[in-house]
Amino acid sequence: MKTFSLIIVLLFGSLLVYCTLDFPSWGDPTAPASLHVSPRYIEQTLDETSVPNIVTAVLADYRSYDTMFETIVIFTAGVACIILLRTYQRKKQLGGMYRHVPTGITLRFKEDVQLPKDSKEFEHIDLEWVPYDIIIKTACRLIVPFSQIFALYVIAHGHHSPGGGFQGGVILGASVILFAISHNLRATLGRISERAVALLCGLGVFMYAGTGLICMIFGANFLDYSALAHLLPLSPVAARSFGILIIEIGVGIAVMAVMIQLYYNLASAGKHDEGL
Amino acid sequence: MIVDAVTLLLVSKINYWIYIVLMMLGLYAMMTKKNLVKKIIGMNILQTAVILFFISISAKNNATIPIIEHGQTSSHSGVQAVDYINPLPHVLMLTAIVVAVATLGVALALVIKLFNQYGTLEEDEIIARLEE
Amino acid sequence: MIWQIELIILIAVVICGIGAIAVRDLLGAAILFGAYSFMMCLLWAIMGAVDVAFTEASVGAGVSTVLFVATVFRTSRRTKD
């Protein structure tokens, strides 16, 4: 079996080598790939959308159908992860490991226990609990707000510098994941609940498609942002730039929510009780 | 003479040769590795090899990154296509990377589900369990 | 574009890729895959694809490594090959 696979892989590789011999050499400006559509994008983008970053303009304006369905693919992946993994417990189990904070003693209950209601002395901990490291906890607490500010900057400044909705959304999601790793999953779920994450997933896609629908209401094509000029005191060119910003925010929300959702489900194997 | 030609061929298309190596590596891992997580890593290597190929297509000598320089206000002030790298493959690959992580999430969810069902990640052990 | 730097990074990419599929420990494979993604991101930054490099740095080297580690935490580290 191994030699058979090796033969197939080598055949595949030699076929690719044979095809590559006909390629134009690397960095050739007259290569066929650089001659057809892209010169128009490079030369007309600034006139038509007033966005200096050509990648953002092509992503969110010229090829926005493509990006919209990519966002829907990501949304679908989040939904698929819930369907595959999420398990709901009928009864909330109260047994488990509790830690008495002032003394540091860990208690394990096999049956349901009734703890004093608003007592801060007992803390529910994971089965594979390791003592918190003060250095890691403090460092991550410091990093999280700065990375969130940076993510907002990346989303908002995507017109003029590398960045945009996808990158900013992933960084926002990563900041929440960092919080979950340095503390625990239960604390994170207390800040961003599962319901909020699921709603944000839908909200991002809805913002994207809704912008397209608003454009249709004003008589333009789906996702033709120059129609937003009827709604706002902007010229059609500036309206296109503004429309790009709106859908970048939508993409950012959807991507952030899906990343958090994937993490929640994978780290707790669908139980959402304890995790990494 | 022939040595020079071969060196030129190797140097002028080095990205393409590396992408072929990575693609073979990913395909080999997907075909022969028994562990499911290893298979997923092979799939991701294959994906990045394809992305490397697309990005290599877009490169241009003596050109800058596809962000129009500050101070340019319209195309009449001289935005030339040869001065900027082809942005179209970048756009396609940017979305491909994010979709890759979404598919990775679904694949890993399936792996966890299989582990909960069969208690192993090895493909041959799972098949042996199925045949019991 | 400096081809010497690019050559070094290309070799590092191939080494990390081979390491990620050859190492007999899934946690090590996940970490090596993160290193592979980061090398790939450097390569794209050198080739001028800044947006793609940015995405790969946040997605490939960040979130997918975390997802792999979470999966290994929930399943097992053991692998036969």
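At a 4.5 Å heavy-atom cutoff, the contact between B:Ile41 and chain C is made by backbone and side-chain atoms alike. Using a 4.5 Å cut-off between heavy atoms, B:Leu121 contacts chain C through its side chain alone, with no backbone atom that close. For B:Leu52, the parts lying near chain C are the backbone and the side chain together; criterion is any non-hydrogen pair under 4.5 Å. Interface residue C:Leu43: only side-chain heavy atoms are found under 4.5 Å from chain B. Both the backbone and the side chain of B:Ile51 come within contact range of chain C, with heavy atoms under 4.5 Å apart. With a threshold of 4.5 angstrom between heavy atoms, B:Ile97 approaches chain C through its backbone and through its side chain. With a 4.5 Å cut-off on non-hydrogen atoms, C:Ile18 touches chain B through its backbone and its side chain both. Heavy atoms of B:Ile112 lying under 4.5 Å from chain C belong to its backbone as well as its side chain. Looking at C:Leu67, the atoms closer than 4.5 Å to chain B (heavy atoms on both sides) sit in the backbone and in the side chain alike. For B:Thr32, the part sitting under 4.5 Å from any heavy atom of chain C is the backbone (N, CA, C, O) and nothing else.
Nearest approach of B:Ile85 to C:Gly48, heavy atoms of both residues: CD1-CA, 3.8 Å. When every heavy atom of C:Trp44 is checked against every heavy atom of B:Thr48, the shortest pair comes out as CZ2-O, 4.1 Å. Taking all atoms of both residues into account, the shortest heavy-atom contact from C:Gly17 to B:Leu25 is C-CD2, 3.7 Å. Between C:Glu6 and B:Asn15, the closest heavy-atom pair is OE2-OD1, 2.9 Å.
Counting heavy atoms from C-beta on, the side chains of C:Leu10 and B:Trp17 never come closer than 4.5 Å. A 4.5 Å side-chain heavy-atom check between C:Phe54 and B:Leu94 finds every atom pair outside the cut-off. With a 4.5 Å cut-off on side-chain heavy atoms, C:Thr79 and B:Lys34 do not count as touching.
Between atom OG1 of residue C:Thr71 and atom CD1 of residue B:Ile40 there is a gap of 7.5 Å, rounded to the nearest 0.5 Å. A distance of 4.0 Å separates CG in B:Asn44 from CZ in C:Phe33, rounded to the nearest 0.5 Å. Between the NE2 atom of B:His90 and the CE atom of C:Met47 there is a distance of 7.5 Å, given to the nearest 0.5 Å. Note that CE of C:Met40 and CD1 of B:Ile55 are 10.0 Å apart. Values are rounded to the nearest 0.5 Å. For the atom pair CD1 of B:Ile65 and CG of C:Asp51, the computed distance is 8.5 Å after rounding to the nearest 0.5 Å.
Comparing C:Val14, C:Ile11, C:Ile21, C:Val13 by how many heavy-atom pairs each has under 4.5 Å with chain B, the most go to C:Ile21. Of the listed residues (B:Leu104, B:Leu114, B:Thr120, B:Val111), the greatest number of heavy-atom pairs within a distance under 4.5 Å of chain C belongs to B:Leu104. Taking chain C as the reference chain and counting heavy-atom pairs below 4.5 Å, the highest number among B:Ile18, B:Ile45, B:Val91, B:Val101 is found for B:Ile45.
Under a cut-off of 6.0 angstrom, the local environment of CZ in C:Phe38 is sparse, with at most 12 non-hydrogen atoms contributed by other residues, nucleotides or ligands.
Of all residues spanning residues 123-132 of chain B, those with a heavy atom less than 4.5 Å away from chain C's heavy atoms are B:Asp124, B:Glu125, arranged by number.
Applying the side-chain hydrogen bond (donor to acceptor under 3.5 Å, both in side chains) test to every pair with at least one member in residues 91-111 of chain B, sequence neighbours left out, gives these pairs: A:Glu70-B:Thr95.
In terms of modelled atom types and a separation under 3.5 Å, the side chain of B:Lys38 and the main chain of C:Ala22 share no donor-acceptor contact. Listed for the C:Lys80 side chain is no donor-acceptor partner under 3.5 Å among the backbone atoms of B:Glu122.
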